[in-house]
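Each remark here refers to the structure printed beneath this line.
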Number of protein chains: 2
Amino acid sequence: MNEQDILKDAERHCTKTGARLTPLRRRVLELVVRADAPVKAYDLLSQIDRSNTSAKPPTVYRALDFLINAGLVHRVEALNAFVACPQAGHGHAAVLYICEVCTKVTEVQGARPGQEHKPEGFCVTRSVIEHYGQCMNCR
Amino acid sequence: MNEQDILKDAERHCTKTGARLTPLRRRVLELVVRADAPVKAYDLLSQIDRSNTSAKPPTVYRALDFLINAGLVHRVEALNAFVACPQAGHGHAAVLYICEVCTKVTEVQGARPGQEHKPEGFCVTRSVIEHYGQCMNCR
DNA sequence: TTTGTTTTGTTATGTTATCACATCCGCACA
DNA sequence: TGTGCGGATGTGATAACATAACAAAACAAA
Ligand SMILES: [Zn+2]
Ligand SMILES: [Zn+2]
Ligand SMILES: [Zn+2]
Ligand SMILES: [Zn+2]
């Protein structure tokens, strides 16, 4: 799936759900999609700055919050970075395979936990698996 | 497993592997174990400070690095926090179930991915799953 | 046009983490 | 005993990541 298709898809998804993909948010999404690798908030910020001198940290963090909530972007927790989601608004939890050499990220989704499809030939050296919710006592 | 047992186990594990559990590192481990919940680096720092005025950020981050490498502590990526491992030096990847209400963390390990044993009654609302390694092209 | 809501701008600050270099301490070896 | 070595810790500075609080602007509905 190429950049343009992802952006088109995002547009459609927002139209359908009523989310407002403003020019600023769209600009940030474009930057994340084009990065084609996990991208840092302050890198986005400096890229936005080229067109909009007034961009400050809250500018980019708010846009990212919106995009994450809209299901268009995922946060990579262990890298403090962000990647575009190839499947706008999918319901499943994202499972990310991140190559530490070329930085490429492959996102897969499993019908149920444990049934994700590991990318062909990917060799895992470290996994981060954290489930958040309510324990039995706190329900 | 109680605090004292975990600390004893850590001691044994370090003796066996040749890792040097110095007083400072032991002190940090004690604080993490006693927290009984994910604990922040700067919270550890301020606790150390009570006994050692000279503690600075690198003091605690270096101790944490050691403890993580020794398999005695895990980093909770999505919280920027740290928890004690109940099974010193286990080989398996840790799977953490984190209650967002009471902050209690339950660590489980699966013989193979997807076979982790979810704690009784735990209701997952959000999962962070990130696998790091080398992709097919980079091996 | 008025009014209320959402988005963006702006300043400041809070939080998390590392770098670089100095010093100390335990240990092996002369 | 002294001397050198390497790992651990002390120290000051700064980098990197993120949010609070309030003001202004844009937008949509009435
Ligand atoms: Zn996704
Ligand atoms: Zn690769
Ligand atoms: Zn563990
Ligand atoms: Zn709970």
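Computed from heavy atoms alone, side chains included, the values below leave out hydrogens, waters and symmetry copies. Numbered from 1 within each chain, the chains take letters A, B, ... in sequence-line order.
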Roughly how far apart are B:L31 CG and B:R27 CZ, rounded to 0.5 Å?
-> 4.5 Å
Between C:dT8 atom P and A:D65 atom CG, what is the distance in whole Å?
-> 12 Å
So, are B:R62 and B:D65 salt-bridged, with charged N and O less than 4.0 Å apart?
-> no
Return the value, rounded to whole Å, for the distance between atom CG of B:D43 and atom P of C:dT16.
-> 8 Å
NA contact type, B:R62, heavy-atom cut-off 4.0 Å: base, sugar-phosphate, or nothing?
-> base
Between D:dT19, D:dT9, C:dT7, which one does the side chain of A:P58 approach most closely?
-> D:dT19
Rounded to the nearest Å, what distance is computed from the CZ atom of residue B:R27 to the C1' atom of nucleotide D:dT9?
-> 16 Å
Please give, in whole Å, the distance from D:dA8 C1' to B:N69 CG?
-> 15 Å
Given atom CZ of A:F82 and atom C1' of D:dA18, what is their separation to the nearest angstrom?
-> 9 Å
Take atom CD of B:E77 and atom P of C:dT16, then tell me their distance rounded to the nearest Å.
-> 14 Å
Tell me whether the centres of the aromatic rings in A:H90 and A:H13 are closer together than 6.0 Å.
-> no
Write down the protein N/O and nucleotide N/O pairs, taken from nucleotides 15-17 of chain D, whose separation is under 3.5 Å; answer none if there are no such pairs.
from: D:dC17; atom 1: OP1; to: A:K40; atom 2: NZ; distance (Å): 2.7

Which whole-number value in Å describes the distance from B:K56 NZ to D:dT14 C1'?
-> 15 Å
Nearest to side-chain heavy atoms of A:R20, which nucleotide of C:dT10, D:dC27, D:dG10 | D:dC27
Please determine, for the side chain of B:S54, which listed nucleotide (D:dA18, C:dT10, D:dT11) has the closest atom?
-> D:dT11
